[in-house]
Amino acid sequence: MIITSLSNSKSIAKSLARKLKCKYSGTTISSFPDGDLYLKFNTNLKKKKLVIVQSFQPHSDMSLFDIVFAAETAKSLGAKKVILVAPYLAYMRQDKRFNSGECISSRVMAKMLNNSIDKLITIDPHIHRYKSLKDIFTISAKKLTANPLIAEYIQKKFKNEVIIGPDWESYQWAESIAKHVHVQATVLKKTRFSSRHVEVKMIKPVPIKGKNVIIVDDIISTGHTVAEAAKKARKMGAKSVSAIGVHGLFVENGMEKLKKAGVNKIITTNCIEHKTNKIDVTPLLFNELKREKK
Ligand code: R5P
């Protein structure tokens with residue numbers, strides 16, 4: 001088994017290779033002057049299982065393109081199986097046509113992967129209207145969750161805490177983590193007026209005054225959702241407000257927005273490499289890939 005990374009996720013790929021005692025071989029990726037993608041494997045892939053580690057951030061579109069080109073190339077070079085480890089899988093939020101004429105991006109992304117890879121391993125994909133990954137993937141698709149790792153982190157680092165899911169879509173994460181930690185959780189109702197303007201109300205009241213509030217979301221993208229929840233928690237007298245995201249994208253000055261809204265600590269897993277990474281998901285991926293190594 002050979003492990004490689006493409007434009008993203010180099011450090012997680014290298015650490016997996018070390019732990020699994022597999023060869024890590026970097027792939028050369030660059031652009032021709034006109035922008036066309038150039039890709040080259042630097043090891044012999046004949047009859048080998050190839051694990052491509054690539055989160056879909058930064059640049060979700062190019063990340064997907066890299067994967068399709070890499071997988072097709074690996075197969076044409078004789079690889080016997082191509083496994084994609086995508087700690088963050090993008091495009092999952094567009095899971096229906098919200099407005100007529102829209103592309104259901106998750107289906108198109110899945111179709112591209114179905115056609116090019118043999119297996120997908122991902123962490124906490126945004127499954128909301130789908131029941132499971134099987135709704136869109138015909139290949140073997142394994143969903144792992146960082147919830148127990150996040151719960152363990154909270155148990156070590158926090159006291160007198162309450163967990164808030166900033167909207168119904170994220171409540172599945174907040175609720176499960178709160179159960180692991182044995183603390184109360186509540187959910188806020190988010191009304192999205194546009195991709196950048198959201199407002200929140202608390203639906204299930206729990207005491208917030210004097211508590212260390214932890215807002216848990218699967219994705220922190222622009223930071224609007226968590227920022228609105230943080231402002232609400234501050235208004236309700238929270239002692240401190242922290243934000244934990246499985247996938248920290250922090251686009252459009254997301255970090256600054258959170259700090260302005262009164263978030264003291266911002267914590268993420270290393271599904272997407274970022275300076276806020278405090279929770280290492282490598283053990284989850286290691287356990288899953290161990291089976292593939294046999
Ligand atoms: C969607 O509901 C997700 O669970 C996140 O709440 C959302 O993606 C966060 O986006 P943003 O940070 O841009 O508000």
Side-chain angles (χ1 to χ4, degrees), residues 55-61 63 86-99 102 104-106 109 122-133 135-136 143-147 150 163-178 185-204 213-234 241-263 265-269 271-272 274-277 279:
S55 256
F56 281 63
Q57 268 293 323
H59 309 301
S60 37
D61 47 0
S63 305
Y88 170 61
L89 185 66
Y91 290 110
M92 291 298 287
R93 284 173 292 177
Q94 185 83 27
D95 54 3
K96 73 167 196 174
R97 242 186 272 289
F98 296 94
N99 299 293
E102 279 180 354
I104 306 175
S105 321
S106 47
M109 174 274 295
T122 186
I123 299 179
D124 291 306
H126 189 85
I127 295 180
H128 181 53
R129 269 161 282 262
Y130 297 131
K131 279 198 214 76
S132 77
L133 290 174
D135 289 357
I136 51 173
K143 175 187 105 158
L144 304 172
T145 178
N147 285 351
I150 295 175
I163 295 179
I164 293 184
D167 62 7
W168 276 117
E169 295 191 29
S170 61
Y171 191 53
Q172 49 174 308
W173 282 272
E175 195 185 28
S176 146
I177 291 167
T186 186
V187 61
L188 302 178
K189 184 169 183 276
K190 175 169 80 175
T191 311
R192 191 177 274 281
F193 296 97
S194 73
S195 61
R196 291 178 178 79
H197 177 201
V198 290
E199 276 178 24
V200 287
K201 274 191 196 142
M202 186 176 287
I203 312 181
K204 183 181 145 198
V213 167
I214 307 171
I215 302 164
V216 173
D217 208 342
D218 59 330
I219 302 170
I220 305 177
S221 179
T222 64
H224 278 289
T225 306
V226 171
E228 292 305 319
K231 285 185 213 157
K232 185 89 191 161
R234 284 283 173 204
V241 180
S242 302
I244 302 188
V246 183
H247 309 291
L249 280 66
F250 303 111
V251 297
E252 299 183 349
N253 295 321
M255 290 277 288
E256 286 68 29
K257 219 171 284 154
L258 297 190
K259 284 181 194 156
K260 251 195 205 160
V263 179
K265 282 187 203 147
I266 306 168
I267 298 138
T268 56
T269 76
C271 283
I272 298 170
H274 191 262
K275 60 183 177 194
T276 54
N277 292 167
I279 300 163

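Remember, it's a predicted structure, so these values are computed and weren't measured experimentally. Whatever order the structure lists ligands and atoms in, that order sets their numbers, starting from 1.
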Study note, to complete from the structure: Among H126, H224, Q172, E252, the residue with a heavy atom nearest to atom 1 (C) of ligand 1 is H126

Check your understanding: Among D217, T222, V216, whose heavy atom sits nearest atom 11 (P) of ligand 1?
Key -> T222

Point to revise | Distance from atom 4 (O) of ligand 1 to nearest protein heavy atom, with residue and atom | key: D218 OD1, 2.6 Å

Check your understanding: Please state which protein non-hydrogen atom is closest to atom 14 (O) of ligand 1 and give its distance, to 0.1 Å?
Key -> T225 OG1, 2.4 Å

Review point. With sequence neighbours left out, what residues match K231 under salt bridge (charged side-chain N to carboxylate O under 4.0 Å, His left out)?
Key: E228

Review point. Quick one: are D167 and T225 in side-chain contact, heavy atoms under 4.5 Å?
Key: yes

Study note, to complete from the structure: When rounded to the nearest 0.5 Å, the distance separating NZ of K275 from OG1 of T268 is 11.0 Å

Exercise for review: Return the residue, atom name and 0.1 Å-rounded distance of the protein heavy atom closest to atom 9 (C) of ligand 1.
Suggested key: I219 O, 3.3 Å

Exercise for review: For ligand 1, note which part of V226 has a heavy atom under 4.0 Å away: side chain, backbone, both or neither.
Suggested key: neither

Exercise for review: Verify the distance criterion only: is there a donor paired with an acceptor across the side chains of D124 and T145 at less than 3.5 Å?
Suggested key: yes

Check your understanding: What is the ring orientation for W168 with Y171, classed by angle as parallel under 30°, tilted 30 to 60°, or perpendicular over 60°?
Key -> perpendicular

Practice item. Could you check whether the rings of H126 and W173 sit parallel, tilted or perpendicular, using 30° and 60° as the cut-offs? Key: parallel

Review point. How far is atom 8 (O) of ligand 1 from its nearest protein heavy atom, and which residue and atom name does that atom have?
Key: R93 NH1, 2.7 Å

Review point. If you count the atoms of ligand 1 from 1 in the order shown, which ones are under 4.0 Å from a heavy atom of E169?
Key: 1 (C), 2 (O)

Practice item. Find all atoms of ligand 1 within a distance of less than 4.0 Å from any non-hydrogen atom belonging to G223, and give their numbers and elements. Key: 11 (P), 12 (O), 13 (O)

Study note, to complete from the structure: Residues at least two apart in sequence or cross-chain that pass salt bridge (charged side-chain N to carboxylate O under 4.0 Å, His left out) with R234, listed by chain then number, are none

Exercise for review: Using distance alone, decide if ligand 1 has a nitrogen or oxygen within less than 3.5 Å of any nitrogen or oxygen in S170.
Suggested key: no

Practice item. Answer yes or no: is there a donor N or O on one side and an acceptor on the other, between the side chain of S55 and the main chain of C271, under 3.5 Å? Key: yes

Review point. Taking distance alone, with no angle check, do I220 and ligand 1 share an N/O pair under 3.5 Å?
Key: no

